[in-house]
2 protein chains.
Amino acid sequence: MNGTAPMYKATQRPEAEAQLRTLERLETVCRARGRRVTRQRRAVLRALLAEGGALTAYELLERLRVEDGRSTPAGVYRALEFWMAAGAVHRLESTRSFILCEHPEAPHPGQLLICRECGQVVETEDKGVAAAAHRLGEQLGFVLDRHLVELTGVCGSCRARGRAAEPGRRPA
Amino acid sequence: MNGTAPMYKATQRPEAEAQLRTLERLETVCRARGRRVTRQRRAVLRALLAEGGALTAYELLERLRVEDGRSTPAGVYRALEFWMAAGAVHRLESTRSFILCEHPEAPHPGQLLICRECGQVVETEDKGVAAAAHRLGEQLGFVLDRHLVELTGVCGSCRARGRAAEPGRRPA
DNA sequence: GCGCTGATTGATACAATATATCATTTCGCG
DNA sequence: CGCGAAATGATATATTGTATCAATCAGCGC
Ligand SMILES: [Zn+2]
Ligand SMILES: [Zn+2]
Ligand SMILES: [Zn+2]
Ligand SMILES: [Zn+2]
């Protein structure tokens, strides 16, 4: 059954390599700005990378404590804040969790598509959505600097698997 | 209990009348579904209406307690959940607060524009944004049923007031 | 009106999420 | 090394949201 839509399933994290290269780049940028990439911060990034998806701050904390029993909520939130400022981590407002950015090369107005069945999160940089949002802001006289778009539903593979569920859903 | 005179606070804003008419309609709809519009639920709606903007659950609680000292967090959240299910209230994820829906006539994928200076929130039903989001979902094989768009920035009147700020901003 | 039934509330406790503070340690650098 | 900025550790606390269950209320058939 792998013939249908294995597009995102993909192999065991092919992005991992790229993510690690990205980490090095981030590190360089941070140092240039007088900020440091420390053990704790690296640990947070590694945990998110290993998870391959979103984690809440306290789930992250549990994982960090396996390696370092002294980890605290404050530490986790500090590291998360650091990476969010660097553009390497996003916060999913609708699930109060955190996830690695899939395009950390540059700041970007991204969109997050969330599957409520399997928890998968896909990050996009869709020009259409971004442009429409920007246009809307202009129409209303706003100068926007934060762009939060989280779209929740059911992904293709979950729909393929769960034919037992009701076919008729009403978008709300 | 004291006589529950339904003296709705004199209308301070123009939409208030329409909102109150909408309340009656909601009430009818709710009854038709075996749900009740009670004193406590009405109080939550009135408080949001009087505020004219977003309130956190606990800010709401403070206000309710002025009139009824027995109000509790659970009660506030229950009422909010009730109205959100009815489509009369939205939760602003980015500020963890709640606001009246400006178009409660029907379910809708809306967008919220938030001014970080004055806290103003404008709700829109922009076809362009909604269509772009829907298209994006289709491209990625998602069937979406929740549409969260919160755009934050500075509104026109705040910009007019605060000319001291820097003119060149980069949307992120 | 009377009692039945399910919806709603009251009261309390608790869970989950996030931040404040300050003494101490580490890092980068001259 | 020794300085100052950055980061952490430790602790406490603030904020936001739920669970539980007995008591009460509203609608309904009688
Ligand atoms: Zn990103
Ligand atoms: Zn899925
Ligand atoms: Zn609305
Ligand atoms: Zn404003």
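So you know, we letter chains A, B, ... as the sequences are listed, proteins then strands, and number each from 1.
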Going 5' to 3' through nucleotides 7-12 of chain D and flagging B where a protein heavy-atom sits under 4.0 Å of the base, S where only the sugar-phosphate is that close, and - otherwise, we get SBBSB-

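- Rounded to whole angstrom, the span from the CZ atom of A:R91 across to the C1' atom of C:dT19 amounts to 13 Å.
- Counting to the nearest Å, the P atom of D:dA14 and the OH atom of A:Y77 are 17 Å from each other.
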- Between B:R63 and B:E51, is a side chain to side chain contact (heavy atoms under 4.5 Å, CB included) present by the stated rule, with each step listed? CA-CA 10 Å; B:R63 283 158 175 70; B:E51 174 68 16; 3.2 Å; yes

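- Annotation: the terminal axes of the helix from C:dG1-D:dC30 to C:dG30-D:dC1 meet at 30°, where each axis is the rotation carrying the C1' atoms of four end pairs onto the next four (5 pairs per end, rounded to 10°).
- Judged by distance alone with a 3.5 Å cut-off, no donor-acceptor contact links the side chain of A:Y58 to the base of C:dA15.
- Rounded to whole angstrom, the span from the CZ atom of B:R42 across to the P atom of C:dT8 amounts to 13 Å.
- By the 6.0 Å contact criterion, CD on A:E67 is open, its count of non-hydrogen atoms from other residues, nucleotides or ligands being 12 or less.
- Between B:E93 atom CD and C:dT17 atom C1' there is a gap of 13 Å when expressed in whole angstrom units.
- Rounded to the nearest 0.5 Å, atoms OG1 (B:T72) and CG (B:L61) are 7.0 Å apart.
- For B:E81 and D:dA19, the CD to C1' distance is 13 Å, given to the nearest whole Å.
- Look at A:R31 and you'll find a side-chain N or O under 4.0 angstrom from OP1 or OP2 of C:dG28.
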Side chain to side chain contact (heavy atoms under 4.5 Å, CB included) evaluation trace for B:L136 with A:V149:
CA-CA 12 Å; B:L136 176 60; A:V149 178; over 6 Å; no

If you apply the rule side chain to side chain contact (heavy atoms under 4.5 Å, CB included), what do you find for B:V37 with B:R42, and how did you get there? CA-CA 7 Å; B:V37 178; B:R42 239 188 287 261; 4.1 Å; yes

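- With rounding to whole Å, B:L60 atom CG is found 14 Å from D:dG17 atom C1'.
- Residues satisfying the salt bridge (Lys or Arg N to Asp or Glu O under 4.0 Å) criterion with A:R31, sequence neighbours excluded, are A:E27.
- In A:E81, the CD atom is not crowded: 12 or fewer heavy atoms of neighbouring residues, nucleotides or ligands sit closer than 6.0 Å.
- Distance CG/A:L140 to CD/B:Q111: 9.5 Å, rounded to 0.5 Å.
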Take B:L45 and B:V89 through the side chain to side chain contact (heavy atoms under 4.5 Å, CB included) test and state the conclusion after the steps. CA-CA 8 Å; B:L45 224 48; B:V89 165; 3.9 Å; yes

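- Between the CG atom of B:L61 and the C1' atom of D:dA14 there is a distance of 15 Å, rounded to whole Å.
- Here the P atom of nucleotide C:dA18 and the CG atom of A:L92 are 12 Å apart, to the nearest Å.
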